[in-house]
Amino acid sequence: CFCELKGNVDDCSCSVDTVDYYNNVKIFPRLKSLLQSNYFRFFKVNLHNDCPFWKDVDFECAMKFCHVESCEEKDLPVELQDDIDDKPKKEAPKDKYLKENQVLGCKEDYNKELDLVNKSISEKQHEELQKWSEHDEAQDSFCVLDDHQEKAEYVDLLLNPERFTGYQGRSANRIWQTIYKENCFKSPKVSKEQSSYKQLMKTKVLDETCLEERVFYRMVSGLHASINVHLAANFLQSEKDSPLGMVSKNGLWGPNLKEFVARFSPETTYGEGEKWLRNLYFAYLVELRAIAKVAPYLRNEEFFTGIEKSDKEVRLAVNDILNVIEAFPSHFDESIMFNGVNINLKNEFREKFLNISRIMDCVGCDKCRLWGKLQTQGMGTALKILFSGKFEHNTLENNIYVTDHPIRDDFKMRRSEIVALFNAFGRLSSSIYYLELFRNQLR
Ligand code: FAD
């Protein structure tokens, strides 16, 4: 059975079986339900950007099922009808203000002047600072975010499931080729014997370029595998395949084992298919770790939609998932990356990933572009969480630079980042779930 993935997921110390169990039993069902909530199902995206790399974007969407249905404003939850991020948050209940004022009242004799921060700045300085913060924000961003762009619009993800669209041929291949050829670091330099994470640590061959290159490639290849698993798992059924013997107006969708085998079997992929699926597990573990790392921040998030009852439910559901994710036995260890003195490596890594998110504007199929953008934004957000920590924590231990990448004190996540992160993780999670389904069919 070719997709019987066994053993350790390289670069991580946990086994595929552990991931399968955790994901399919504990994480996937919880995520599936969470992602149906209003907070997570609406994603603001700009599908109208021009491709920055070539002019002849060919919309080779073979099918009507390819286009995206955007939301009419009236269908959106009230709080999303205007631009949410600019909207003032709901007023806190009056008694909360009262309590705060009472506390302040106790300190009436406190000499405020001594503590006063002089916040006056000239207009010129203000402009400069604006540039600094734009620069700083860009520094930590691993993807292009659409949510502040003029043409961005809300899309209801539940109305636009990721599935087979018929997007293929030169256009689709050009995107993947560009991603792999131009954006990826070139040949990995780690020998087979050194390739596992533990071996790397043991032999102290932390040639930083090798490890980062591999992580980058594996993330992208994992995303590619996940997209292709989804299109095989949600394939347009022919009348013959359809249990009802008919195809409805909107098509009938379901798993197509032949399609899956064609995309991943050793015969058709020269033995590469299994590696691609392992990369999917790897990408999953990286995003899982990012969510675990940002859990304390997420526990303080309001998940504001304006309806207190459902916001509370979302907070509880997120907390529940975070507990499960934190209990996962062996997380990906990001502290082994970007160690040493070469700070440029992180910038190069970031630049390349930013490029990948830009390439999504060249995808010639709306629905694929939507999910491509969402998943690269989610992955970019995971990388931002893992690596936005400053480099001052480098310490030299046994001739290896060990870098702790703590989350910065001023770390912030935008709504679109949270939505993208959870949905991207949800995609990888459902791919792993579908793999079990295909595996069972193959037995
Ligand atoms: P491709 O999947 O196009 O792969 C090209 C080559 O890359 C393969 O020949 C192989 O050598 C190599 N390769 C394949 N998989 C991997 C991997 N995991 N890691 C490393 N190398 C690999 N189609 C849909 O039906 N629905 C969608 O929602 C959808 N979304 C897409 C989103 C994006 C961003 C892109 C670029 C494409 C999307 N597609 C989608 C198209 C789909 O991914 C395939 O490109 C298409 O089905 C054609 O497949 P293919 O067999 O030519 O190989």
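Hydrogens, waters and symmetry mates are skipped; everything else that's a heavy atom, side chains included, is used.
A 4.5 Å side-chain heavy-atom check between Arg174 and Phe53 finds every atom pair outside the cut-off. The side-chain heavy atoms of Phe282 and Val215, taken from C-beta on, include a pair separated by under 4.5 Å. The side-chain heavy atoms of Ser171 and Cys362, taken from C-beta on, include no pair separated by under 4.5 Å. The shortest side-chain heavy-atom distance between Val155 and Phe42 does not fall under the 4.5 Å cut-off. Looking at Ser430 and His230, their side chains come closer than 4.5 Å, going by heavy atoms from C-beta outward. Between Pro255 and Phe260 the shortest side-chain heavy-atom distance does not fall below 4.5 Å. Contact check for Leu383 versus Phe353: side-chain heavy atoms found under the 4.5 Å cut-off. Proximity of Asn234 to Phe164: side-chain heavy atoms (C-beta onward) are nowhere separated by under 4.5 Å.
With sequence neighbours excluded, the residues forming a side chain to side chain contact (heavy atoms under 4.5 Å, CB included) with Arg30 are Lys26, Asp320, Ile321, Val324, listed by chain and number. For the salt bridge (Lys or Arg N to Asp or Glu O under 4.0 Å) test, residues two or more places apart in sequence or in another chain that qualify with Arg289 are Glu334. For Glu313, the salt bridge (Lys or Arg N to Asp or Glu O under 4.0 Å) partners are Lys309, not counting sequence neighbours.
Between the CH2 atom in Trp371 and the CG atom in Leu374 there is a gap of 6.0 Å [rounded to 0.5 Å]. Annotation: the span from Arg369 atom CZ to Asn46 atom CG amounts to 8.5 Å, rounded to 0.5 Å. Here the straight-line distance linking atom CG of Leu223 with atom CD1 of Ile356 works out to 8.5 Å at 0.5 Å rounding. Put simply, OG1 on Thr269 and CG on Leu277 are 8.5 Å apart, with the number rounded to the nearest 0.5 Å. Taking CD1 from Ile432 and CZ from Arg427, the interatomic distance works out to 12.5 Å, rounded to the nearest 0.5 Å. Taking OH of Tyr22 as the start and CG of Asp17 as the end, the distance is 14.5 Å to the nearest 0.5 Å.
Other residues, nucleotides and ligands contribute more than 12 heavy atoms inside 6.0 Å of the CZ atom of Phe411. In the displayed structure, Tyr433 atom OH is contacted under 6.0 Å by at most 12 heavy atoms of other residues, nucleotides or ligands.
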(request) Begin from the C-alpha positions of Asn49 and Lys373 and carry the test side chain to side chain contact (heavy atoms under 4.5 Å, CB included) through to its verdict. (result) CA-CA 12 Å; Asn49 280 340; Lys373 278 184 167 233; 3.9 Å; yes

(request) Begin from the C-alpha positions of Leu157 and Leu370 and carry the test side chain to side chain contact (heavy atoms under 4.5 Å, CB included) through to its verdict. (result) CA-CA 9 Å; Leu157 298 171; Leu370 164 68; 4.2 Å; yes

(message) Between Ser310 and Thr305, is the side chain to side chain contact (heavy atoms under 4.5 Å, CB included) condition met? List the steps.
(response) CA-CA 8 Å; Ser310 48; Thr305 68; 4.0 Å; yes

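Between Trp176 and His224, the ring-plane angle classifies as parallel under the 30° and 60° cut-offs.
At least one donor-acceptor pair closer than 3.5 Å links the side chain of Arg315 to the backbone N or O of Glu302. Between the Asn423 side chain and the Phe40 main chain, a donor and an acceptor come within less than 3.5 Å of each other. Of the possible donor and acceptor atoms, one in the side chain of Ser265 sits under 3.5 Å from a partner among the backbone N and O of Val261. A distance-only check finds a donor-acceptor pair linking the side chain of Tyr167 to the backbone of Gly364 [under 3.5 Å].
Paired with Glu417 under the rule side chain to side chain donor-acceptor pair (under 3.5 Å), one option of Lys412, Gln377, Lys384 passes, and it is Lys384. Test Phe328, Phe28, Tyr281 against Asn23 for side-chain contact (heavy atoms from CB on, under 4.5 Å) and you get one pass: Phe28.
Between Asp311 and Phe304, the shortest heavy-atom contact is OD2-CA, 3.5 Å. Of all non-hydrogen atoms in Phe43 and Ala420, the two that sit nearest each other are CE1-CB, 4.1 Å. The two atoms that bring Gln36 and Arg41 nearest to each other are O-CD, 3.6 Å, heavy atoms only. Between Ile385 and Met413, the closest heavy-atom pair is CD1-CE, 4.0 Å. Met360 and Ile179 get closest at one heavy-atom pair: CE-CD1, 3.9 Å.
A donor-acceptor contact closer than 3.5 angstrom links the side chains of Ser226 and Ser431.
Taking the charged nitrogens against the carboxylate oxygens, Asp50 and Lys55 have no contact shorter than 4.0 Å, which rules out a salt bridge. Taking 4.0 Å as the cut-off between side-chain N and carboxylate O, Glu272 and Lys275 count as a salt-bridged pair.
Aromatic ring centres of Phe438 and Tyr434: separated by at least 6.0 Å.
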